[in-house]
Amino acid sequence: MNNIMINLILFLMVFLFGITIGSFLNVCIYRIPRKEDIVLERSHCMSCGNVLKWYELIPVISFLIQGGKCRSCKTKLSLQYPLIELANGLIYIWIFAVKGFELESVLFCACASTLIVISMIDFRTYEIPFGCNLVILALGAVRLILDLPHWYSYVIGFFTVSGIFMIIYWITRGNGIGGGDIKLMAAAGLLLGWKEILLALVIGSVAGSVIHLILMKVQKKDRVLAFGPYLALGIFFAMLYGNAIITWYLRLFF
């Protein structure tokens, strides 16, 4: 078996694992804001409450076979289900394609999935679940241990952007930035290091400014924005391309 075939099989496995995790992400997105159990409670229809069979839980495929409707009550299901599953699978492939089949890629995949949950929940509720930040913090602790000679970069990263946000929080008395955003950037800073977390802030701020201004113009959105999804976007790109972007920038101007 040649290398191309082996890589195709590996990426297929990564994709299948990704969409399976994506199914769990949907559970988190719907249940966490409702304070419902995400582990022990059986999956059920959000409309009729019918407990789903195993064949109704196959990522993407079950949605297509059922025509996007609940098998029991025929209520139309949200497109979020297959889209989150597909997105998570494709993101996993993306990460492994960029970073290779390394342990670091596994950590980044777990972080990306957590960022999806954070983005969806924050966009809807303007709150970032504390548990999600704890997951990223744990991933950061693992990466620090794996790269112990450079521990200081991660420790500084923990305080860099979160420290800036904390000052803003104090000055504005909580009106300028949310506590969840502070915790997110502290946890992500431990995972990425100080250079990449600063880059994540820049990317997230630019993306948030541009996209939200467009939404205010087109959809008449309120001036208040959920910053979490944009910070998540910045963290994702800094996680994958941070070193390359920083190196390019330094060569361009220094």
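All figures in this text were calculated on a predicted structure; none of them were measured in a lab. In this chain, numbering begins with 1 at the start of the sequence shown.
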Restricting to non-hydrogen atoms, name the atom on Thr114 and the atom on Cys132 that form the minimum distance, rounded to 0.1 Å. CG2-O, 3.4 Å
The test is side chain to side chain contact (heavy atoms under 4.5 Å, CB included); show your working for Ser105 and Phe108 and say whether it passes. CA-CA 5 Å; Ser105 298; Phe108 287 171; 5.6 Å; no
Flag yes if more than 12 heavy atoms outside Met216 fall under 6.0 Å of its CE atom; otherwise flag no. yes
Heavy atoms, side chains only, cut-off 4.5 Å: are Pro129 and Ile121 in contact? yes
Who are the side-chain hydrogen bond (donor to acceptor under 3.5 Å, both in side chains) partners of His150, not counting sequence neighbours? Asp147
Would a 4.5 Å heavy-atom cut-off, applied to side chains only, mark Leu146 and Val142 as touching? yes
side-chain hydrogen bond (donor to acceptor under 3.5 Å, both in side chains) partners of Trp194, counting only residues at least two apart: none
Pair Tyr230-Ser119, side-chain donor/acceptor within less than 3.5 Å: no
ILVMFWY clustering at 4.5 Å (side-chain atoms), partners of Ile171: Ile167
Salt bridge (charged side-chain N to carboxylate O under 4.0 Å, His left out) pairs touching residues 167-181, sequence neighbours excluded, are none
Nearest atoms (heavy-atom pairs only) where Ile38 meets Val27: O-CG1, 4.1 Å
Let me see the working for Tyr92 and Ser113 under side-chain hydrogen bond (donor to acceptor under 3.5 Å, both in side chains), right down to the final yes or no. CA-CA 9 Å; Tyr92 278 21; Ser113 292; 2.7 Å; yes
For residues 233-248, dump all side-chain donor-acceptor pairs below 3.5 Å to protein atoms at least two apart in sequence or in another chain.
| residue | atom | partner | partner atom | Å |
| --- | --- | --- | --- | --- |
| Tyr241 | OH | Trp94 | NE1 | 2.7 |
| Thr247 | OG1 | Asn243 | O | 2.8 |

Under the salt bridge (charged side-chain N to carboxylate O under 4.0 Å, His left out) rule, what pairs show up with a residue in residues 73-96, not counting sequence neighbours? none
Side-chain contact, heavy-atom cut-off 4.5 Å: Phe15 with Leu86? yes
If you compare all heavy atoms of Gly228 against all heavy atoms of Ile128, which two are closest, and at what distance to 0.1 Å? CA-CD1, 4.1 Å
Qualifying salt bridge (charged side-chain N to carboxylate O under 4.0 Å, His left out) pairs, either residue in residues 118-143, two or more places apart: Glu104-Arg143
Any side-chain heavy-atom pair of Glu196 and Leu191 under 4.5 Å: no
Apply side chain to side chain contact (heavy atoms under 4.5 Å, CB included) to residues Leu215 and Leu225 and explain how you reach the verdict. CA-CA 10 Å; Leu215 292 177; Leu225 81 161; over 6 Å; no
So Leu184 and Leu115, do their side chains get closer than 4.5 Å, heavy atoms only? yes
Going by side-chain hydrogen bond (donor to acceptor under 3.5 Å, both in side chains), name the residues that satisfy it together with Ser72, two or more places apart in sequence or in a different chain. Asn50
Counting C-beta onward and ignoring hydrogens, is there a side-chain heavy-atom pair between Phe101 and Val14 closer than 4.5 Å? yes
Who are the side-chain hydrogen bond (donor to acceptor under 3.5 Å, both in side chains) partners of Asn133, not counting sequence neighbours? none
Apart from Leu148 itself, what residues make up its hydrophobic cluster, given side-chain heavy atom links below 4.5 Å? Phe130, Leu134, Leu137, Leu144, Trp151, Tyr152, Tyr154, Val155, Phe158, Phe159, Leu190
Sidechain-backbone polar pair: Arg42 side chain, Val51 backbone, donor-acceptor under 3.5 Å: no
Can you tell me how far apart CD1 (Ile95) and CG (Leu90) are? Round to the nearest 0.5 Å. 11.5 Å
Quick one: list whatever passes ring pair (Phe, Tyr, Trp, His ring centres under 6.0 Å) with Phe24, sequence neighbours left out. none
Search all heavy atoms of Ser205 against all heavy atoms of Phe227 and return the closest pair with its distance. OG-CZ, 3.8 Å
Please list all pairs meeting salt bridge (charged side-chain N to carboxylate O under 4.0 Å, His left out) that have one or both residues in residues 43-56, counting only residues at least two apart or in different chains. Glu56-Arg71
Decide side chain to side chain contact (heavy atoms under 4.5 Å, CB included) for Phe96 and Val106; before the verdict, give the C-alpha distance in whole Å, the side-chain angles of both, and the deciding distance to 0.1 Å. CA-CA 8 Å; Phe96 275 95; Val106 177; 4.2 Å; yes
For Tyr55 and Gln66, the nearest pair of non-hydrogen atoms, with its separation, is O-OE1, 4.5 Å
Polar side-chain atom of Asn7 near backbone of Ile4 as donor-acceptor pair, under 3.5 Å: no
So which atom in Phe165 and which in Ile177 form the shortest heavy-atom distance, rounded to 0.1 Å? O-CG2, 3.3 Å
Measuring from Ile197:CD1 to Ile156:CD1, what's the distance to the nearest 0.5 Å? 13.5 Å
Are the side chain of Asn88 and the backbone N or O of Ile19 linked by a donor-acceptor pair below 3.5 Å? no
Candidate pair Lys69 and Thr75, rule side chain to side chain contact (heavy atoms under 4.5 Å, CB included), full reasoning: CA-CA 5 Å; Lys69 296 180 181 179; Thr75 298; over 6 Å; no
Atom pair CG (Leu25) and CD1 (Ile118), whose distance is rounded to the nearest 0.5 Å: 11.0 Å
Might you confirm whether atom CD1 of Ile61 has over 12 heavy atoms from other residues, nucleotides or ligands at distances under 6.0 Å? no
Note, Tyr30 side chain near Arg34 side chain (heavy atom, < 4.5 Å): yes
Student check: side-chain heavy atoms of Leu199 and Lys195 closer than 4.5 Å: no
